[in-house]
Amino acid sequence: MSTVGKLVGKDASPMPWSPKELLPTLSSNEIRFSRGFLRSDVSVWLTDFVKSWQLLLHSLGLEVELSSVNNQFNFPESLSRVIPIELDDETAVIGMDDESQEIVSSVVAKGSESTAVDVIVEYFERRMLSCVSQHWSGPMPLKARYLADSESTAVDVVGTICFVFTTGGKDLKLWLGLGPRAVERIDGLWRKQLFEEKSNLPGPKLPQLSTVDIDLVELLVPPALLIDYMRSGTVVELDLPTSNKVRVNLNGNFWAYGELGQFEGNFAVMLEDFEVKEKSEEDSSSTTKVSVQLAVEEIDREAVLEFGQEKSILSTQVAVNDRASLIISGERVASAIIGELDGKFALTVLPK
């Protein structure tokens with residue numbers, strides 16, 4: 001996001017930009033688990049489980065692929081079948097919707113009574129848990145077992161994993177609702193594995209501390225107009241539609257685009273689009289780059305690797321507000337109020 005912007009008349013009066021009302025509020029779990037559990041793919045620790053599951057279904061006439069593993073916080077309330085299980089001495093649940101049960105019953109128990117269908121579905125569930133215990137390849141063993149009704153207790157579902165198997169053009173979904181200990185375990189395992197993999201890659205090593213800048217936009221200002229742009233009272237239309245999209249730099253270089261939000265009254269950003277190549281509206285060598293900065297944070301080397309995953313969320317210590325710093329070559333040269341003109345962001349430069 002780079003733009004030249006344009007100077008507008010002194011009689012222009014931008015409307016206020018109200019980020020406290022406009023930016024989405026993020027939960028503590030979104031912040032806490034955005035770099036681990038929510039980004040994790042537990043199938044990497046269940047490779048042999050997936051193979052054994054596929055062999056079973058193939059023997060029953062089903063061609064099946066594990067098409068996706070989706071992590072979220074909410075366990076669907078609409079599932080028609082929810083069964084309590086135990087994972088490492090912590091209660092969890094597995095669930096299926098009507099369509100998924102129909103996929104199983106139509107192949108395995110076609111024409112049978114409903115009680116027989118229930119037995120077949122339960123067999124699938126029990127076999128799945130047995131395979132999980134047998135084929136889990138994480139750093140520590142994992143015990144999974146079916147719970148009898150007399151053993152079941154209330155489940156505090158903190159995180160949910162949905163395994164989506166594709167067969168015959170239909171999706172068979174198995175939902176796993178996890179308690180707090182299981183979510184913490186997956187979160188820690190994923191972050192540890194990520195650091196071990198990324199820190200050993202060839203190439204220049206990251207510094208111990210890195211600087212992350214969250215910018216509304218990068219202005220490309222012709223040198224002859226720089227004084228006018230920085231003059232107190234100047235109104236600059238950014239030619240950028242109002243949104244919560246921002247530009248994120250790492251150690252002075254473009255890193256990713258992100259979606260701005262707020263957490264406990266401070267700015268936060270969900271990092272996305274790391275591979276996007278920026279396109280300047282004109283040759284940047286003939287202009288001065290002015291960053292319209294909302295926040296700046298220092299993070300350590302491990303955090304850089306973790307935040308390098310799409311949809312990870314970086315929370316800052318900068319209170320949500322409508323002010324921006326204008327930065328040239330790392331130095332703050334002015335500040336401005338962020339407003340809106342005709343649906344686009346605009347800056348009103350403040351006195352120094």
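- The structure places CG of L347 at 10.5 Å from CH2 of W17, a figure rounded to the nearest 0.5 Å.
- Between W175 and F75, the ring planes lie perpendicular to each other; the angle is over 60°, past the 30° to 60° tilted range.
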Discussion item. Salt bridge (charged side-chain N to carboxylate O under 4.0 Å, His left out), that's the test. Do E259 and K245 meet it? Break it down for me.
Written reply: CA-CA 5 Å; E259 296 286 335; K245 192 168 186 177; 5.9 Å; no

Worksheet item: Going through the distances and angles, do T316 and N266 end up as a side chain to side chain donor-acceptor pair (under 3.5 Å)?
Response: CA-CA 6 Å; T316 77; N266 294 333; 5.7 Å; no

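- Residue L260 comes nearest to P24 through the heavy atom pair O-CD, 3.6 Å, listed as atom of the first residue, atom of the second, then distance.
- When atom types are taken as modelled, the side chain of R126 and the backbone of Y146 share no donor-acceptor pair closer than 3.5 angstrom.
- Clustering ILVMFWY residues whenever any of their side-chain heavy atoms sit less than 4.5 angstrom apart, transitively, puts L216 in the very cluster that holds I328.
- Just one of I85, L178, V93, V82 meets the side-chain contact (heavy atoms from CB on, under 4.5 Å) condition when paired with V155; it is V93.
- Side-chain contact between I94 and L174 is absent, with no heavy-atom pair separated by less than 4.5 Å.
- Side chain of Q262 to main chain of K20: a donor-acceptor pair is present (N/O by atom type, distance under 3.5 Å, no hydrogens or angles).
- Expressed to the nearest 0.5 Å, how far OG1 of T288 lies from CE of M230 amounts to 9.0 Å.
- R35 forms a cation-pi arrangement with F307, by the criterion of a distance under 6.0 Å to the ring centre and an angle within 45° of the ring axis.
- In the model, E30 has a side-chain atom that pairs as donor or acceptor with a side-chain atom of S27 under 3.5 Å.
- When all heavy atoms of S137 and V44 are compared, the closest pair comes out as OG-O, 4.0 Å.
- Using bins of under 30°, 30° to 60° and over 60° for the plane-to-plane angle, the ring pair F33/F73 lands in the tilted bin.
- Distance alone, capped at 3.5 Å, is enough to place a donor-acceptor pair between the N321 side chain and the R323 backbone.
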Worksheet entry | Worked verdict on D88 versus R185 for side chain to side chain contact (heavy atoms under 4.5 Å, CB included) | CA-CA 11 Å; D88 281 344; R185 180 179 182 180; 2.2 Å; yes

Worksheet entry | Stepwise side chain to side chain contact (heavy atoms under 4.5 Å, CB included) check, L219 with V292 | CA-CA 7 Å; L219 281 173; V292 181; 4.1 Å; yes

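- Placement of I327 and L238 in two distinct hydrophobic clusters is found when ILVMFWY residues are connected by side-chain heavy-atom separations under 4.5 Å, directly or transitively.
- Shown here for M96 and L79, the closest heavy-atom pair between the two residues is O-CB, 3.8 Å.
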Fill in: Steps toward salt bridge (charged side-chain N to carboxylate O under 4.0 Å, His left out) verdict (E99, K170)
CA-CA 9 Å; E99 183 179 0; K170 297 180 179 180; 5.9 Å; no

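- The structure places CD of E302 at 11.5 Å from CG of L206, a figure rounded to the nearest 0.5 Å.
- In this structure, K173 fails the cation-pi test against F165, since its NZ or CZ atom is not both closer than 6.0 Å to the six-membered ring centre and inside 45 degrees of the ring normal.
- Linking ILVMFWY residues whenever their side-chain heavy atoms come closer than 4.5 Å, directly or via other members, places I83 and F124 in the same cluster.
- Contact check for P14 versus E237: no side-chain heavy atoms found under the 4.5 Å cut-off.
- A donor-acceptor pair under 3.5 Å is formed between the side chain of S40 and the backbone N or O of F37.
- I337 and L341 fall into different hydrophobic clusters, where Ile, Leu, Val, Met, Phe, Trp and Tyr are joined by side-chain heavy atoms under 4.5 Å apart, directly or via other members.
- The shortest heavy-atom contact between E90 and R181 is OE2-N, 3.0 Å.
- With hydrogens and angles ignored, the 3.5 Å screen pairs no side-chain donor or acceptor of D322 with any backbone N or O of S18.
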Fill in: side chain to side chain contact (heavy atoms under 4.5 Å, CB included) between K289 and L220, worked out
CA-CA 5 Å; K289 296 180 180 180; L220 302 178; 3.8 Å; yes

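- In this structure a side-chain-to-backbone donor-acceptor pair under 3.5 Å is missing from R191 to I186.
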Discussion item. For Y229 and T234: C-alpha separation, side-chain torsions, deciding distance, then whether side chain to side chain contact (heavy atoms under 4.5 Å, CB included) applies.
Written reply: CA-CA 6 Å; Y229 271 69; T234 295; 5.6 Å; no

Discussion item. Let's go through W190 and E306 carefully: what are the C-alpha distance in whole Å and the side-chain angles of both, what is the deciding distance for side chain to side chain donor-acceptor pair (under 3.5 Å) to 0.1 Å, and is it a yes or a no?
Written reply: CA-CA 10 Å; W190 186 258; E306 293 175 351; over 6 Å; no

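- K311 NZ to L271 CG: the interatomic distance, rounded to the nearest 0.5 Å, is 11.0 Å.
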Item to complete: Dump the intermediate steps for side chain to side chain donor-acceptor pair (under 3.5 Å) on N71 and T160, then the final yes or no.
Response: CA-CA 6 Å; N71 298 357; T160 298; over 6 Å; no

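- Contact annotation: the side chain of I161 never approaches that of N70 to less than 4.5 Å [non-hydrogen atoms, C-beta and beyond].
- The CD atom of E196 lies 5.5 Å from the NZ atom of K192; values are rounded to the nearest 0.5 Å.
- One N or O on the side chain of K205 and one on the backbone of S199 form a donor-acceptor pair closer than 3.5 Å.
- For the pair S34 (side chain) and S312 (backbone), a donor-acceptor distance under 3.5 Å is absent.
- The closest side-chain heavy-atom distance from S28 to F263 is below 4.5 Å.
- Panel note: side chain D215, backbone V217; no donor-acceptor pair is recorded below 3.5 Å.
- For the pair I214 and Q293, the minimum side-chain heavy-atom distance is 4.5 Å or more.
- Counting heavy atoms from C-beta outward, N249 and V212 have side chains that stay 4.5 Å or more apart.
- A donor-acceptor pair under 3.5 Å is absent between the side-chain atoms of T211 and the main chain of E298, judged by distance alone.
- Within the model, atoms NZ of K344 and OG1 of T3 stand 8.5 Å from one another, a figure rounded to the nearest 0.5 Å.
- The same ILVMFWY cluster, assembled from side-chain heavy atoms under 4.5 Å apart, contains both W45 and L38.
- What you find for I313 and A268 is that their closest heavy atoms are CG2-CB, 4.2 Å.
- Looking at V236 and L7, their side chains come closer than 4.5 Å, going by heavy atoms from C-beta outward.
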Practice prompt. Report the C-alpha distance between F274 and W255 in whole Å, list the side-chain angles of each, state the deciding distance to 0.1 Å, and finish with yes or no for ring-ring contact (aromatic ring centres under 6.0 Å, His included).
Written response: CA-CA 6 Å; F274 287 89; W255 192 24; 5.6 Å; yes

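- Here the side chains of I338 and L294 are in contact, with some heavy-atom distance below 4.5 Å.
- What you find for P207 and R301 is that their closest heavy atoms are O-CB, 3.6 Å.
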